[in-house]
Each structure stands twice: as structure tokens, then as C-alpha cells.
Novice: 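Here it is, the structure, as C-alpha cells.
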Amino acid sequence: MDLNMSVNSVTICVEGMTCSSCVWTIEQHIGKLNGVHHIKVSLEEKNATIIYDPKLHTPKTLQDAIDDMGFDAILHNPKPLPILTETVFLTVAASLAPPWDHIQGTLLKTKGVTDIKISPQQRTAVVTIIPSVVNANQIIELVPDLSLDTGTLEKKSGTYEDYSMAQAGEVMLKMKVEGMTCHSCTSTIEGKIGKLQGVQRIKVSLDNQEATIIYQPHLITVEEIKKQIEAVGFPVFIKKQPKYLKLGAIDIERLKNTPVKSLEGSPQRSTSYTNNSTVIFIIDGMHCKSCVSNIESALSTLQYVSSIVVSLENRTAIVKYNASLVTPETLRKAIEDISPGQYRVTSTSDIECTSNSPSSSSLQKSPLNIVSQPLTQEAVINIDGMTCNSCVQSIEGVISKKPGVKYIRISLANGKGTVEYDPLLTSPETLREAIEDLGFDASLSGMTCASCVHKIESTLTKHRGIFYCSVALATNKAHIKYDPEIIGPRDIIHVIESLGFEASLVKKDRSASHLDHKREIRQWRRAFLVSLFFCIPVMGLMIYMMVMDHHLATLHPNQNMSQEEMINSHSSMFLERQILPGLSIMNLLSFLLCIPVQFFGGWHFYIQAYKALKHKTANMDVLIVLATTIAFAYSLVILLVAMYERAKVNPVTFFDTPPMLFVFIALGRWLEHIAKGKTSEALAKLISLQATEATIVTLDSDNILLSEEQVDVELVQRGDIIKVVPGGKFPVDGRVIEGHSMVDESLITGEAMPVAKKSGSTVIAGSINQNGSLLIRATHVGADTTLSQIVKLVEEAQTSKAPIQQFADKLSGYFVPFIVIISIATLLVWIIIGFANFEIMETYFPGYNRSISQTETIIRFAFQASITVLCIACPCSLGLATPTAVMVGTGVGAQNGILIKGGEPLEMAHKVKVVVFDKTGTITHGTPVVNQVKVLVESNRISRSKILAIVGTAESNSEHPLGAAITKYCKQELDTETLGTCIDFQVVPGCGISCKVTNIEGLLRKNNWKIEENNIKNSSLLQIDASNEQSSTSSSMIIDAHLSNGLNAQQYKVLIGNREWMIRNGLVINNDIDDSMTEHERKGRTAVLVVVDDELCGLIAIADTVKPEAELAVHILKSMGLEVVLMTGDNSKTARSIASQVGITKVFAEVLPSHKVAKVKQLQEEGKRVAMVGDGINDSPALAMANVGIAIGTGTDVAIEAADVVLIRNDLLDVVASIDLSRKTVKRIRINFVFALIYNLIGIPIAAGVFLPIGLVLQPWMGSAAMAASSVSVVLSSLFLKLYRKPTYENYELHARSQMGQKTPSEISVHVGIDDTSRNSPKLGLLDRIVNYSRASINSLLSDKRSINSVGTSEPDKHSLLVGDCREDDDSAL
């Protein structure tokens, strides 16, 4: 081999790389450039090291190439480093005639080969290679026909300068390696890392737990070395940052004498091998790749071994050695001696061969065969039950022998095993079962290292529709953002599973367990029972003492027992006998029973009180802790004083107070949580409606069912086809594509009757299919379904605060400090009164006894009063007054199809004084309908059915909502789905259409028999009623005559439009027709004229119809004392007509969407609270501005988002119900506040002893019982709201029908536009008519443009915007 310099290396800093994908892109792109031999890009160090041919590239051209890819390349050191190349001489066996062109082409394509010179005469090839990139053995593997020419092999030693240049790029690195236990570990790391390209030397120290590595940074990065050591299973940390070696002459001399390591072994071994032999050993006891690298590294250091290939799967080692220097037996012993000395080696047979024999070439190819084996996969198995290394050895021994297992490594500390296996031969599940058969518990886990994470992230981010993917190895979870239109969770799981990992969705808690307060109920029930256990004996003692005191009182009615008598009576009572002086049995028992309750039962209160005080707040728990601690401390002190004084009379203690107090508090809290659980029942019921599984079906092009699959409901994707069987729940929102059924939507919309569903109907998740099987296409899935949105809205509503509650919270903040002050004041005041005027106590204190000292009586009473004040005060009832009522109110609303978004709108709705209704889609249906078709020609000239066929065909090409209404009407009347052909179609916005119609004869022939039948019926009617017949035109409307042969032409010229369109086309409109049109317009309809072949044939009246319940809803709102206003963008005539039909007297007409907000603001400035009811996008600003925005559920998403109240059903009576519910809830909140405040206002003075003169004195336990009762009473009061029932249509109608009636036009005041000019009279002046005409024309023009650009759909609510302006056609304004 000849060492020379013809290749350079340069390191370029690269900014802008974000992930491994960037690294790969640069390496691929630059690596393909002609003259670039090798490139290594490091993401961590942000640089690229390139080995290149200086004849073809300079550092500057390479920098530009990286710049052109969109990264920032910076060249810190433009001076390149020369790189050593080697010359390899290869020969070809004489018997073969090799294809020289193929050999040259193959080698020149190989990275690291810089040049090749071929001499066909001498049958040799001289190849120049970069030894750090490729070696001679790899070249021989690529071209098996070649072999190393050992005869001509000479090594020229490089000059001192050359060597120093070659070594100048070396870096020394120190790393901390953890987890090494023996020399096997060190030799494993040295063997594995020492073989890496670019690593010059490595020394691992077991004592220092560190590795010192000298490497070439242009060939390998620190990151790669670290990754490789971690792959062997040892955690690594960089101790010192890598630094370039500064070599002196002595170092270089020493390095020159050190053999330069290369992959095929040491240079000494590269001397002449004239007698090469190969032996195959079978090795037992190898467990993992660590063993393989151990054996390979140990044997490759031997001078007489030229190559060694160890296979873990086949348990073999193929060793190529010099037979003249060593025997196979020596090699066998050498392998057995390798640390840790566990290998058992047997030799199969000695295969003696020369270097040019065919078998030799096959062995030389063996490394390639190993490379081309199927890809292996890695699995991590969690193993429980391992106790020592013996367990580890037994598992590794058994599993490593399983077919397909490449290696296994088990960590006793982590309880994990990493197995590399061939997926064609075994599976992780098989291996897991094998480990379980050994008596251990094993479970699978997918991701093992950062490489798995990168694999998943890079694969997913390449998929269209995935915006972001982040995988956490520690938690085994991935967070993915995606576009549901393109990809769904099921597709993502399939992608992850295709990579060999198991994936499932993180289950959301579908249960309502957090709402039922079960945990709290259990906690307080336990606390109550513990306290009760200790309290019952205390109560027994207390009752016993009360009975005895009463008995004594009857003996001494004047309470004037002397101390001696008292001592005598005490000694006669068993419980009052003294064990020690001053300590009676009664007090000792009370003390012993009090301790567990005080410190174990009350532990929760102490913690909560501490937390509150730490945050500088005071709550209920602070009061409880104060009361019980003071009572306990006072009693303990008085007892100790009595014992110290050796008192003959036993002191009166309060040891009975803490147990009694805790019993009542625990009972109160337990009952309170039970009641709170009931308040969330409505929400829990909604959550329980959600289906858990869905049946996804696959259909072919002919809608024939191919397959069915049960999946988790969260895996359903938009566009999936789902089968819902009778009795099944709809898992998602969707549209029916096949089948007929009745569906129960009562739990979602509140609609009691089942709703019929057929193809095209929409269905709601959570509703129940009753009798037919349906196929639906999913339109909203996951969190987007109506039910999920309802649940989310109700949850948010129940946690939001009503303004009245903020007042209560503020009050509670000051409440506790106030009570503490009152308590201290009570104590001081009674002490002062007692010492100043003891007669008051003597007279009124029920527990007074003359035998007790005066001071003790005063202090005892003062303490009793102050403790009772602390016990009775309850901020809880104030805090519970509002939220419990809001929770029940919103829950009841949701069950009735009224979603109230929180406490604020719930509270605000009862203050509303004005209700503003949008017209289109709210008061009216929002879709135009044909009201009347008037035929204007004699029936023998053109029949009604023919006019309908012509008009329907002509309008079928129109995108205008009026056109769509006409086509729909014609199809219904003719009972057909198909119409004729329309050509030369033209539309003039604001005027009408013109076209030519053909192919309608088929339609008419189809209907001839129906016409005959009608004629027979109608003619018989005419004979009976002939006297009433007035004109031929009226009969023409009744009789559909046969087609006249005179007009049976193939093509009809058609014009449809308003007055102006007719005048433009030169047609005269007579007064009768004009009057008829004006009459329709006065009723709020749009009248259009039909011309066929230049003859006026018909007049069609179209209108948006009023909802049936609108009039009733308006009447009830008025009867509730509310002002009702209609606000619309439509013309004043239409607005007046609609208002008169529903009974509204105040109308704002021709109001633009932006001006609706101004109108609402204007009403608010008058001091009125406004509720706005709307459904369209154009209403959303006004809904947001109003005090309460109410959106109709069929409306647009934007309107629903902007509103405070959402009515799920398209029913205006729910507007009434929502205001009614608000009034009931606020009334209930007020009742709760009265309960809470009155209780505190009366209870505290009684506790403080204000009513002592009338004998009203409370013991502390009575106070705590009263306190518990107040909280429970407030919650129970809120639960009364659950009895609320929404009045039905029939109930409303019964009350209102007698008083309802349509308004006359003179009663209605119409205000036009943003100005507030009122119009009470329907008659218009000339100027007004001209202004109106021009405004309506412009609006109509705009609306037409908008409707042409819009996409028409079959859903009524989607038309709301279009239709809002469509009836502003100029014919309806004149």
C-alpha cells in the first residue's frame, strides 16, 4: 500500500438545521456531487466535514452548494486539511477473464475510491482509496473476482511532515461511562468503539469509570460515539469538551511506531500470508451483540488471525488464520479464555484452502451475505420478578437460543430486556410468552431509544395532513396535530403500527366520575363515622351528667349548695370520683375520647386551615380549627390547674365540644356533597349518552357492503360510513346515506316525539335509533360533535361565576376575620360584665353553681359564648348559595335543549326588558316558498302544467334562492325529479333571467292521464256550480286542458323577472296585473312575471313563511312584560307584513348587519337590557353586543359561538323558556341568600349570649349542628330547581289563544335603516318610493352577486344570509 496526499478535508459551520431530516438532506445532496468522497454532518455541533478532490472543488464551492440548499454555511478556516490516501494492488485469478469495464465502473462509484488504474495485460488493478472511508477488504467484497496482491505490497513510510499533517485533525475526548461492572464491559466498549471509522485509539478505565478516545472529527462526531456506547447499554456523559491534540516531535515519533489501526487488522498482519486457512467454530454462551464484539475484538488483535466473522444467530465464528503460525485448537482455547470465560467452543471441520480457491472467495463474500440479511427489529420487554443475576442469565440463555433472536440484553435494575430479532422468524409476543413460561411476568413496550422516537416523528411529519408531531419516550405518548379533512386518528395509528410499534389513543375519561363527588362523599362518610364512634360515649357521659345535675337541682331548688355538699355529692357519683386530686373519672374519659377526634378526626381541617393561612386567607376550616383548639386548650389548662391546686371540686371542661363539633361538621359536609353530586346529575347524564364504539362499514362503488369493523368511537374519522342498528346510539354527528328510521333525540333536543330520518337527514351523536337500520356518513367527530360541544358548554357554564356570586365571595373573604373579632369581643365583653355585675350571670346562666368560684363561672361562660360564636358562623352557606343554583339551572336547561353558557347570562336574562328578533331564519323559516301561481292566458292556448314545466326548467339553472324555490315547487306539482333542457341561459342581477327551453313534451305526456282525471273531476264540479262561474280566465286556472297542437313547438323563448325586466324587453303590463303584484308586495311577497314566446303567461308569488310558533312566542313574551322588536335587512313592506302576522308592533327595517350592533347599542343607551335572537353570521356581532345573545341551534357556527344562550331546537318557544328558567334560577339564588344571611344574622347574636335575659343560651355543639344544617338547607333549596318543567306548546296555546290576534298595519311602527324615522302609515310619498326603489335595486343587485358566488346547500339555515337580502328585489318595493 502506498501512502500519498491527493485528497483534502474541510469543516464548514451550518446554521438553520432543525432535525435529522436536514442532516440527511445535506448529506444526500452534497454526497452526490462529483469529487466529494465523504461527508459527515453533525446536528449537535452544527457543522459538516467534507472529504473532497481539490481538483474538482474548493472549500468556497462547497460552502456555496450548502448555501444554495437554504442553509447558512460559514467557513471559519478556509485552509483545507490534507488527508492520507492509500494505494491498493489487486490481482485477478488467471483462469478467469474479468469484465474490466464493469470492475472500473463499480469501483469508481464507491465512496472513498479516488482513482483506479487497470492493466489488463498484467491482470492487475491499482486502486487509490481513502483508508478512513473505505478499506481493501471492502473493495474485495464489492468485486469478488479481485484479491489482494501480497507480492507487490510495499509500504512507504510517510515523511515526518506528512505524518504530522495527517495527525493534525485528531481530537482527544474524555467521557464518563456509568454502569461498568467488570473487564468484560471495558473490553466490549473498546472492541465496539475501536472499530468505528475515524476512532484512532480508545482506552476505557474501569476504576475511573471513564473512556479516553482519540478520533478524527471529519469522520465521526462526538454524538455518534456517545450513541454507540449507549447502544451497548452504558449511560455516557461528556467530561471534557473535545480538544485538538498538539503533537511534539517525540509524540509523532511514538505515533509513527504505533501501528495505525484499520478495520482488517494491524499492519503487521498485512504482511505476506502465503498459507491462509479458514476454520468454523460453534460457540455456545453468546447472549448478545456485546459477546459478538467481545470475541471479534479479542481475536482480531492476534497477529496470525487475518479476519473473523461471528454470527450470533448461527452461533458460529468463521476465522481466517495463518496455518503455519497457529492451530485451530489454539484458536479454540483463545476464544474460551476470553472474559468472562463463559463460552463453550467446538470446531466443526478444518477447511484448508489457498487464497485463490473458489471457496475462499465465497468466504470472503460472507460479510456481504450477513449485511444482506433481512432487517432486524428491536423490542423492549418489561420483566417483573427478577431477583438476581442468575435470573438474568437464565432468561438470556433460553431466549438467545430461540430462532430469529439476534441478541438479548437484560437490565436487572430497570427490569427491562432489549431483544433484537428477525421479524420473519419470531415476534415480540412469542418472546414475551417464552419469558412468561420461565416463570416471570413479561409485558411489551414499543419504543426503546431516541432512534425509535425519530423514526416515528420523521415518518409521521412526511404524511400529508400532519402539521406537528412530538413523541415522548419517557411517557410513551405522542402529541399530534393534524387536518381532519385529510387524515384521521385511525390512519395515524396504522402508520405507527406499520413501523412495528403498537399504538392506541389515550383514553379520555368518558365517565362522569368527577361529577358525582363519590370520593368526597366516601371521605366525609368515613370522617363522620370515626367522629361518631368517639362522640357517642361523650354524649352518653354528657346525658348522664345532665340527668344527675337535674336530680341535684330538684333536691336544691335554689342552687345554693355549699362546697361541702358539692364535694359530698361528687363523691357519691361514680363519674365524679377523683382518681387523682382534681382529676375525676368523667374528665379523664372525656379527655381520652377527645384526643383521637381532635387530632386524627380533625387532621384534614388543620391541613386546610394551615394552607389557607399560608396564603393569607381565612376560610371555614380556620373557624372550625379555632373553635375546637380553643375548647380543647381551655379545658386542658383548667384541668391541669385543678390538679396542681389539688381541688376537691371537679372543674367543668369543654372536652365534649370537639367530638360533637366534628360529628356535625362531618355529617353536614357528607350531606352537602351528596346534594352537590345531585346538582351535576344533568351533566353526568349528558356525558353518559356518548357511545363508546362504532361499526364502520366499507362499501363498494355500487353501495354493496364489503366489510364491517368495530372501532373505538374516538377512532371514527370524518367521511367514515357508520352502520347504526335499531336500538343503537349514534356515535357521531352525520348525514343519513341509506335507510329509514325513527330517532329519539329527546335527551339532546328535549323533543319528546321521535323524529323521522331518511336519506339526506342529519343525525346527532347520542340520539337513539329506534326501528330501522341506518348507514350514516360522519360529518362531525370527536370533540366537534353536537353532544361534545353541549357537554363542553355545560361544563364551562357550571364552573363560571355569576356576578352575584362574586359579591358572595367578597363577603366570605371578610367574613372569617369579622367572626374572629366578634368572638374575641364576646369573650372580653362577658368577662367585663361578669366582674362588673355578677348578678346577671347568677340570675340567667343555666349552668351556674354556687359551689364553683365566681371567677371560674365568668371565664367558663365567656369561653362558652365565644366558642359558640366560632361554631355557628358559616360562610359556606353564602358560598354555596349561587354555584349550586347555577349548576342545577344550567343542567336543567341542557336537558330541555337550552344551553346557557355560564352564570352571567343565566343571571342577566331575568333583567332583560327588550327582546330583538332577527327576521330571516328566526321569525321566518329562512327559505323562500312559492305561495301562488296565477295563469294569465286561456287554458286552450297554454296549460298550467306546461307553464310549470317551462318555468321549472328555466329556473333550474338559476342559483338565486327564488329560482331554487320555483324549481322545487314545479317538481312537486309535476311529481317529477327531472325537467327539460335549458339553453342560452342568461341572468341579469336585480331583474331576472332569459333562456330557451326544449324537451318538455315527455314531461307533459307522462302527466296526461293525471290531467284527464283532473278534467273529469273539475268538469263535474263546474256543472254543479256553473252559476258561480264568472270568466273564462278563472276556469282556466281550474282545468288543465290538453296540449293544443297549435303551440306544440320544440323550443320556447322564456323571460322570468320583475316589472323592470318586462319593460326592458318591450312588454306592456296592464293595470290588473300591476294591481295584483302590488297586493302581493303589500303582504311581503315577491311577485315575478313569466313570459313564454313574447306572451305574458303567468304571475308567481314567492315568500319566506313565518314559523308556526312565532306568533305565540311573541305574545307570551309581551305578557311577561317584555318589549318585542323585529330587526331585519329586508324592505319595510315585507318587514311590516311579517310583523303584522306575528303581532310585533315595533320594526327596524333595511338595517345592514353592521348597523344591527348600533341598533342594539341604541336600545342599551336608553337604559334597557337587550336580548338578541338570531341565527346567521350577519347576526353574530349583534348577538355579542346584546346583554344576552340567543342563537337558534340550526344557525351558523359563528352565531352559536357569539351567543350566550344556544337553543338546540329550532323553536322560538325556547326563547320564552330560557328567560323563564333564568327568572326561576335567580329567584332560587335569592332565596338561598336569604337562608344564609338570616341564619348568620340571627344565629351569631344568640351564640354571643345577647338573648341571655330570655334564657336563650347555646352550647357549642348546638352551634355546630345549626351550622351544618344551614349548608345542607341551601343545597337542598337549589335542588328544588330540578322540579322545573318547560311548558309545552299546548299549555302556552291554552293560556294565550283567547288574547292573540294579528296586528293591523296602522298599529305597527316601522323604522328604516340606521336613522330612527318612524313610519306608522303604509302609504308612501313619491320621494320615498323613488328612494326605496333605488335602495332595493342596489340591495337586490348585491344579493344576486352574493348568491351566485355562494354554494347552495339543502340545509335551511345555510340560506339565512342569502335569503336575508333576497326579498329586497325592486318589484317588491314599488
Novice: Using the side chain to side chain contact (heavy atoms under 4.5 Å, CB included) criterion, which residues pair with His604? Sequence neighbours excluded.
Specialist: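 Checked His604 against side chain to side chain contact (heavy atoms under 4.5 Å, CB included); matches are Gln523, Trp524, Gln608.
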
Novice: Can we call the ring centroids of Phe662 and Phe534 under 6.0 Å apart?
Specialist: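 Here the rings of Phe534 and Phe662 have centres that are no less than 6.0 Å from each other.
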
Novice: Do Tyr606 and Gln598 meet the criterion of a side-chain donor-acceptor pair at a distance under 3.5 Å?
Specialist: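 A donor-acceptor contact under 3.5 Å links the two side chains.
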
Novice: Report yes if the side chains of His910 and Ile1219 come closer than 4.5 Å at any heavy-atom pair, otherwise no.
Specialist: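 They are not in side-chain contact.
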
Novice: Take Asp1220 and Tyr1284 through the side chain to side chain donor-acceptor pair (under 3.5 Å) test and state the conclusion after the steps.
Specialist: CA-CA 10 Å; Asp1220 184 43; Tyr1284 175 80; 3.0 Å; yes

Novice: To the nearest 0.5 Å, tell me how far Leu588 CG sits from Ile579 CD1.
Specialist: 4.5 Å

Novice: Is the backbone of Ala527 close enough, under 3.5 Å, to the side chain of Ser531 for a donor and an acceptor to pair up by distance?
Specialist: yes

Novice: Just so I know, are the side chains of Phe591 and Leu636 near enough to count as touching, which here means a heavy-atom distance under 4.5 Å?
Specialist: yes

Novice: Lys1168: which residues meet the salt bridge (charged side-chain N to carboxylate O under 4.0 Å, His left out) condition with it, sequence neighbours left out?
Specialist: Glu1123, Glu1166

Novice: Can you check side chain to side chain contact (heavy atoms under 4.5 Å, CB included) on Ser1278 and Asn1232, steps first, answer last?
Specialist: CA-CA 7 Å; Ser1278 292; Asn1232 289 352; 2.9 Å; yes

Novice: On a heavy-atom basis, which atom in Val869 and which in Thr826 lie closest, and how many Å separate them?
Specialist: CG2-OG1, 4.0 Å

Novice: If you take the centroid of each ring, where Trp contributes its six-membered ring, are Phe599 and Phe632 closer together than 6.0 Å?
Specialist: yes

